[in-house]
Structures are given as C-alpha cells and as structure tokens.
Amino acid sequence: MAWRLLLPLLALLGVAPARADLVYVLNSGDASITVLDAATREERLRIPVLREPHHLVLTPDGTQLVVADSGGNEVFFLDPATGEVLRRVAISNPYHLEYSPDGRFLVVASLRRGQVDVLDARTLELRQRFRPGDKPSHVAFSPDSRMAYVTIQGDGTVAAFDLHSLTQAWVEKVGPEPAGITWHRGELLVGLMGSTHFVRLDPESRAVTPAFSLGRGAHTIYPAPDGRALYATSRVDSRVAEIDPETLAVRRWWAIPGGPDCLSFDPDGRIWMTLRWSRSIAILDPVADRWETARVGRSPHGIFFKSMRHGAAFAQAMPGAVSGTRPIDAPLPGWPAATPPPPAGIVPGSIPRAPVLPASLRVRP
C-alpha cells in the first residue's frame, strides 16, 4: 500500500502520520466489540465483553464511549481514541441508553426487565426506577432535557418521564412493537417494527399520525449530522431511506441485504450501519449512490464512528453523529459545504430488494 511506503519518509522528516479514524461495532452474538480502521476496513482490535452488547453512546464531554452489555449487567467505558477499557460499572440490564442533552442524566432502558432507570450522569447513582410496561426499548429527549421518551415495545406504547420531578408523565399507544424514536422539530418520530411505517407523536396533544412507510420491520430513524436529512431503516425488508426533514417524504431508498439497524455518520457524509442478520456492516455514500460492506462479528448492533481527524468536536457539535436521538430542532448550518439537491420522488438504489427473511428472524430486539 502507498501509505506503508510513505512511513519511512515521514519518519525521516519528523512527521507523524495522522491516526486513522476508527469504527466501533458491537457484536451482540459474539460478546465482543470490533474496532475497525475506517480507511482500510480492517479489524484493528477485538475487545471482549461479558455477554450481549447492544447499544453505545458518547459521554457529553466526548472523552469516553459507553457500551451497554445488557446480558452482562455492566457498562464499559472506553477511550474512543484507543479502545482501552477505562472502567466497568454494574448496571441492571442496560439495553439502550442515552444522556440527556444537558448532560445531567443517563437514562437506561431495560428490555428484559421492563424497567427504565434514571441515573445521575456523573456518579451513575440510581435516581429513579420506573416500570412502564413490557420491553422498554429506545430512548429520546426533548431539547430542553425536561422530558425523556421511551418506546415500550411489548405494549405498543411510548412512555414519557419528567426528569425535573422524576415522575412518569404519560403513556400513549402508537402501534405494534415501537422501537427507534427521535425528537424532530417539536414531534417524536417512532418506528414500528411490527408494521411497515413510522408514525408522528405530538408530545403535547399525544396525537398519533402516519409519517411515512418504508417496509416491514420499520425500525430506527436518525438525523444526519447537518440536519438536512433523516435516515430510517427497515430490518425485515432490508432498506435504508433518506427522508426529507421538512415534509417527511421518502426521497430515495436503498435495498441493502442483511437487515440494516443502527447508523453512524462520518465527516465525509457517509453512513455506517450494522447489518443485523449478517456478520458485516455497510458503508453507504448517499452522494455517490453506492455502498460496500466490511466483515465484523455475529449479530452486529450498535455502531459508532470515531473521527480522529476532527477529534471529539465532530460528534459533540453534530447531534445526529452522537447516537441519533439527540434532538435537532432546526437544520445545522455549514456542513457539508455543498450538498447536491435530492432527487425527486422515490429512487431505489441499484441493488435489488433483499430476500424475505424467515419468520424467526423478523422480530429481534
């Protein structure tokens, strides 16, 4: 490779080569974390955990990556620049977890134990435990950090929690098997795994209305870092769609076999996603309209792109890059500098529709 030939010359000149960007992938079926070199797609490190890691989030100051091992009842705090395990903390069945936008609380959804825990973000002391129903799944917040919203997958509801009073505010039916949830311009967008579509939930009136349809196993939705698009996934029909943030219309979609699940973004506008039914991730370039894959471990779920070129600034300044559920109330200016206009209507990608998966694989947390 050309870069290997350059290393001796750089050493003679006293120039240190730039560290490669890293990609963290949680292998829920292998009890491990794969750390990839983002440029070469090669595995740099394999970090063992206890049993079943699913989701991860960056700490509010950008210095640590928090990995939730739900089966092992622990969270791992990693140095995102090196993959070093800095500490481990016992937490009851942490499935999905998010920091409130003000950095005060860490909210943990426990899928198996039917609980939602509100922890002090600094000390990890349990401040309140709620039992809102069957299978609490994903967490989102209001921009002012007052409210936390959690999808309750087994009951087909969304539960709201007031973080000022530490009380449950309400619960509302939204549809079968709600999973991914995000705040978007005054509303909540929720993916219904037991259906083909996403719905809008007004947190004030609690009215539920259709948003858009994507395919069976409608799952998660993430704001792009620049706020100019949303990206949604359907795991059963294996699709990823670009959504207009103003109208919520589907601009275009790609059929990517393997069950696209969690997403992360890099500073060049590419989308990195786990493919839940295969030992791989996909890297989608929406501008070039093409994608490629890289091998990881079994049943990959959570994913995080660590930009070494931009340090912590990229993830911290771009809410969509942190975890997908940090709220964006309006488009963020200035990145990328030039974005081509989206094509009109629905434009399928060049890859044919993925085959229908067996029924046993269609619903999986």
Side-chain angles (χ1 to χ4, degrees), residues 140 179-193 195-201 209-275 281-292 303 305 318-321 323-354:
I181 182 170
T182 193
W183 179 281
H184 181 67
R185 304 185 188 178
E187 295 181 310
L188 294 159
L189 302 179
V190 183
L192 302 180
M193 275 206 305
S195 180
T196 63
H197 59 278
F198 287 74
V199 296
R200 304 161 71 157
L201 171 60
T209 55
F212 59 90
S213 182
L214 179 57
R216 292 169 300 166
H219 193 59
T220 54
I221 184 165
Y222 294 76
D226 62 355
R228 297 174 186 173
L230 300 164
Y231 287 92
T233 65
S234 67
R235 289 201 306 196
V236 176
D237 280 335
S238 274
R239 293 172 180 169
V240 179
E242 179 185 285
I243 309 300
D244 187 301
E246 298 293 338
T247 66
L248 298 184
V250 176
R251 289 175 174 167
R252 51 179 172 164
W253 57 268
W254 296 265
I256 301 180
D261 200 310
C262 293
L263 310 181
S264 191
F265 301 87
D266 71 23
D268 298 315
R270 290 183 294 261
I271 304 163
W272 298 67
M273 70 193 74
T274 49
L275 302 178
I281 64 169
I283 306 98
L284 169 65
D285 185 334
V287 176
D289 194 27
R290 63 172 181 262
W291 56 274
E292 59 182 304
I303 186 168
F305 187 96
M318 304 298 183
S323 63
T325 55
R326 301 291 177 90
I328 298 180
D329 249 1
L332 300 176
W335 186 93
T339 301
I346 299 176
V347 182
S350 57
I351 304 301
R353 174 176 167 174

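Side chains of Pro223 and Pro245 form no contact here, defined as non-hydrogen atoms less than 4.5 Å apart. Using a 4.5 Å cut-off on side-chain heavy atoms (C-beta onward), Ile303 and Cys262 make contact. At least one side-chain heavy atom of Glu246 sits under 4.5 Å from a side-chain heavy atom of Arg185. Two residues are said to be in side-chain contact when any heavy atoms from C-beta on lie closer than 4.5 Å; Trp254 and Glu242 meet this criterion. You'll find the side chain of Val236 stays beyond 4.5 Å of the side chain of Thr196, heavy atoms only. Under the 4.5 Å side-chain criterion, counting only non-hydrogen atoms from C-beta, Leu189 is in contact with Arg200. Taking 4.5 Å as the limit, some side-chain heavy atom of Val240 sits within range of a side-chain heavy atom of Met273. For the pair Leu275/Ile256, a side-chain contact is recorded, criterion being any heavy-atom separation below 4.5 Å from C-beta on.
No side-chain donor-acceptor contact under 3.5 Å links Arg216 to the backbone of Ser238. Judged by distance alone, with hydrogens and angles left aside, the side-chain atoms of Ser264 form a donor-acceptor pair with the main-chain N or O of Phe305 at under 3.5 Å. Within the 3.5 Å criterion, the main-chain N or O of Arg270 finds no donor-acceptor partner in the side chain of Asp268.
When the side-chain contact (heavy atoms from CB on, under 4.5 Å) test is applied to Thr247, the partners found at least two apart in sequence or on another chain are Asp244, Ala249. By the side-chain hydrogen bond (donor to acceptor under 3.5 Å, both in side chains) test, Thr274 is found to be paired with no residue, residues two or more places apart in sequence or in another chain being considered. Not counting sequence neighbours, the partners of Ala241 by the side-chain contact (heavy atoms from CB on, under 4.5 Å) test are Leu214, Ile243, Val250, Trp253.
The nearest pair of heavy atoms linking Ser234 to Gly215 is CB-O, 3.6 Å.
Remark: the Asp266 side chain and the Trp272 side chain contain an N/O donor-acceptor pair separated by less than 3.5 Å. Side-chain polar atoms of His184 and Thr182 form no donor-acceptor pair below 3.5 angstrom.
Rounding to the nearest 0.5 Å gives a distance of 9.5 Å between CH2 of Trp183 and CG of Leu201. In this structure, CD1 in Ile221 is found 10.0 Å from CG in Leu263, a value given to the nearest 0.5 Å. Atom CD1 in Ile283 sits 12.0 Å away from atom CZ in Arg290 (nearest 0.5 Å). Distance NE2/His219 to CG/Leu192: 12.0 Å, rounded to 0.5 Å.
For Tyr222 and Tyr231, the distance between ring centers is not under 6.0 angstrom.
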